[in-house]
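One structure below.
Quick note on labels: first sequence line is chain A, next is B, and so on, each numbered from 1. Computed from a predicted model, the values in this text were never measured in an experiment.
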Number of protein chains: 2
Amino acid sequence: MKKSTKEKIFDTALDLFSQKGYSAVSIREITRTIGIKESSLYNHYKNKEQILESILIHFRNDFSKTLPPIETLDQILANTTAETFLKAGHRNFKEYMENENGQKMWRILQVEQFREPLAREIILRDFFGTVIDFLEIVFTKLIKMNRIRSISPKLLAIEYQYPVFSMLTEYNILKFDGKDTAEVEQRLDQHIEFFLEIIKIN
Amino acid sequence: MKKSTKEKIFDTALDLFSQKGYSAVSIREITRTIGIKESSLYNHYKNKEQILESILIHFRNDFSKTLPPIETLDQILANTTAETFLKAGHRNFKEYMENENGQKMWRILQVEQFREPLAREIILRDFFGTVIDFLEIVFTKLIKMNRIRSISPKLLAIEYQYPVFSMLTEYNILKFDGKDTAEVEQRLDQHIEFFLEIIKIN
DNA sequence: GTCTATACAGTGATAGAC
DNA sequence: GTCTATCACTGTATAGAC
């Protein structure tokens, strides 16, 4: 349960960066929060930039774990309806949204995206790309199985996921101000219902 | 054609803030770029924060002009098909996307959203809210006129616009790195075609 | 409206004692 | 692995001459 100094630095930096942005947070502020001297920090991280880098890399690994492996897809899809599958993904996603560290990571990505090439890469590749590619495969399989209407799988992936990205943006801004998120959560539910209606075979 | 010092400060700050973020840009950097002394800047702006504020307020006014006034809606809709109307909006939006200052403003909003309450307000209210409300009115009218299928106007507004927000995010990251945006632009076209198909009365 | 001069707190980072 | 001490530099901002 005891956190190492390195972990304390990581967690504190994660928290402060996500609130003020990398540039507005000083080494002094991080170390003061933890209760160590500035010089001690350099025993754990080479410099300030490396703290951010370690946060971004950690997030990237973390995020890649949220989707089920492609190899297991056939088996999963054989045993569930399209509706159940998408709604399970939805629950998964909601859990991620409600996770405090997930929100912090998301904020850092948003805020550092034009200052930090790695942030852009994570947003484009891991966040947009990976999810869209995954969904395209899912919809391709479901169409072949004749379980949903035959519409371009890539288009379906976009129609399903892109609104979710926007809702996540909205959700996180509201959360940051401690405002009510019921409406945007309801929108997400409605979106999924609507999408299921579109792909349903009549 | 000659820019006043105040305009130079505004433009330079807009450019630098949009690349590095507010906190990472110093007064020194702004004044050095223009070729004046730091102290001279304070003749035009009270402090650094006020420069950002003036940028945000300028953007807000600018953005509110991109939608046609509600009063003119009935007349516009009487003379155009739903398809023509949405495609005109699409062109309008694309023009905005390709505008350099529009891209800079968007980047600033993204980057300052958790540090600057006004940025959050603009994103939520002016960017998300205004457009969704506008579209909801449009779709309500089109349904009453029996020109599109009868689906919840609010839901239609979301299904239409939210993917566009995400595509704008993607577009601007690609643009920032000078990468090819053909694919995301194609996605936007496909999305609109797909949406038109959904709302079409058979 | 721009300049010089100045203030002074905060910045990331290092050397070396313990 | 943490500390003290110190570094050179950069940060915003102001006073007052021209």
Side-chain angles (χ1 to χ4, degrees), chain A residues 1-58 104 107-108 111-119, chain B residues 1-58 104 107-108 111-119:
Chain A
M1 201 59 222
K2 270 180 201 163
K3 271 197 267 184
S4 69
T5 302
K6 187 159 189 170
E7 284 171 318
K8 282 186 201 165
I9 294 169
F10 185 96
D11 292 341
T12 306
L14 173 63
D15 188 57
L16 292 174
F17 288 166
S18 76
Q19 285 185 54
K20 310 179 164 194
Y22 174 82
S23 307
V25 177
S26 65
I27 296 282
R28 232 159 262 201
E29 190 174 5
I30 296 170
T31 55
R32 209 188 312 123
T33 307
I34 303 170
I36 58 167
K37 295 294 166 187
E38 295 103 278
S39 54
S40 301
L41 183 140
Y42 292 93
N43 274 310
H44 305 281
Y45 291 95
K46 201 186 122 210
N47 53 33
K48 191 182 162 190
E49 190 65 37
Q50 217 200 46
I51 306 174
L52 176 61
E53 199 191 308
S54 78
I55 289 174
L56 292 177
I57 288 169
H58 178 271
K104 287 179 187 172
R107 293 205 297 263
I108 291 178
V111 163
E112 303 306 331
Q113 62 179 310
F114 298 114
R115 221 192 45 80
E116 186 59 54
L118 183 53
Chain B
M1 202 57 224
K2 269 181 202 164
K3 272 197 266 185
S4 70
T5 302
K6 187 159 189 168
E7 284 171 317
K8 282 186 201 165
I9 294 169
F10 185 95
D11 292 341
T12 306
L14 173 63
D15 189 56
L16 292 174
F17 288 166
S18 77
Q19 285 185 54
K20 311 178 163 195
Y22 174 82
S23 306
V25 177
S26 64
I27 297 282
R28 235 164 258 198
E29 190 175 3
I30 296 170
T31 54
R32 209 189 312 124
T33 306
I34 302 171
I36 57 168
K37 295 294 165 188
E38 293 104 282
S39 54
S40 300
L41 183 140
Y42 292 92
N43 274 313
H44 306 281
Y45 291 95
K46 202 186 122 211
N47 52 34
K48 190 182 159 188
E49 190 64 38
Q50 217 200 47
I51 306 174
L52 176 61
E53 199 190 307
S54 78
I55 288 173
L56 292 177
I57 288 168
H58 178 271
K104 287 180 187 172
R107 293 206 296 262
I108 291 178
V111 163
E112 303 306 331
Q113 63 180 309
F114 298 114
R115 222 192 44 81
E116 187 59 55
L118 183 53

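When distances run from any side-chain atom of B/Tyr42 to the nucleotides D/dA15, D/dA13, C/dT14, the shortest one goes to D/dA13. Listed candidates were C/dA7, C/dT4, C/dG12. Nearest to the side chain of B/Arg28 is C/dA7. Side chain of B/Ile36, nearest nucleotide from D/dT4, C/dC3, C/dG12: C/dC3.
Separating the CD atom of B/Glu7 from the C1' atom of C/dG1 is a distance of 16 Å, rounded to the nearest angstrom. Per the geometry, CD belonging to A/Glu38 stands 10 Å off P belonging to D/dC3, to the nearest Å. For the pair B/Lys37 NZ and C/dA7 C1', the computed distance is 17 Å after rounding to whole Å. When rounded to the nearest whole Å, the span between CD1 of B/Ile27 and P of C/dA7 equals 21 Å. Rounded to whole angstrom, the span from the CZ atom of B/Arg32 across to the P atom of D/dT12 amounts to 11 Å. Taking atom CD1 on A/Ile51 and atom C1' on C/dA13, their separation rounds to 12 Å, with Å as the unit. Distance B/Ile9 CD1 to C/dG1 P: 10 Å, rounded to the nearest Å. Distance, B/Glu29 CD to D/dG11 P: 8 Å, rounded to whole Å.
Using a 4.0 Å heavy-atom criterion, one finds that A/Lys48 contacts the sugar-phosphate atoms exclusively. Counting non-hydrogen atoms under 4.0 angstrom, B/Ser26 reaches the backbone sugars and phosphates but no base. Base engagement by A/Ser40 is indicated by at least one non-hydrogen atom pair under 4.0 Å involving a base atom. At a threshold of 4.0 angstrom between heavy atoms, the contacts of A/Thr5 are confined to the sugar-phosphate backbone, with no base atom among them.
Between the side chain of A/Tyr22 and the backbone N or O of A/Glu49, at least one donor-acceptor pair lies under 3.5 Å. Checking side-chain atoms of A/Thr12 against main-chain N and O of A/Lys8 turns up a donor-acceptor pair under 3.5 Å.
In this structure, B/Lys6 forms a cation-pi arrangement with B/Tyr45, its terminal cationic atom sitting closer than 6.0 Å to the ring centre and no more than 45° off the ring axis.
In this structure, A/His58 has its ring center under 6.0 Å from that of A/Phe10.
Between A/His44 and B/Ser23, the residue anchored nearer the 5' end of DNA chain D, judged by the nucleotide with its closest heavy atom, is A/His44.
No salt bridge links B/Arg32 with B/Glu29; every basic N to acidic carboxylate O contact stays at or beyond 4.0 Å.
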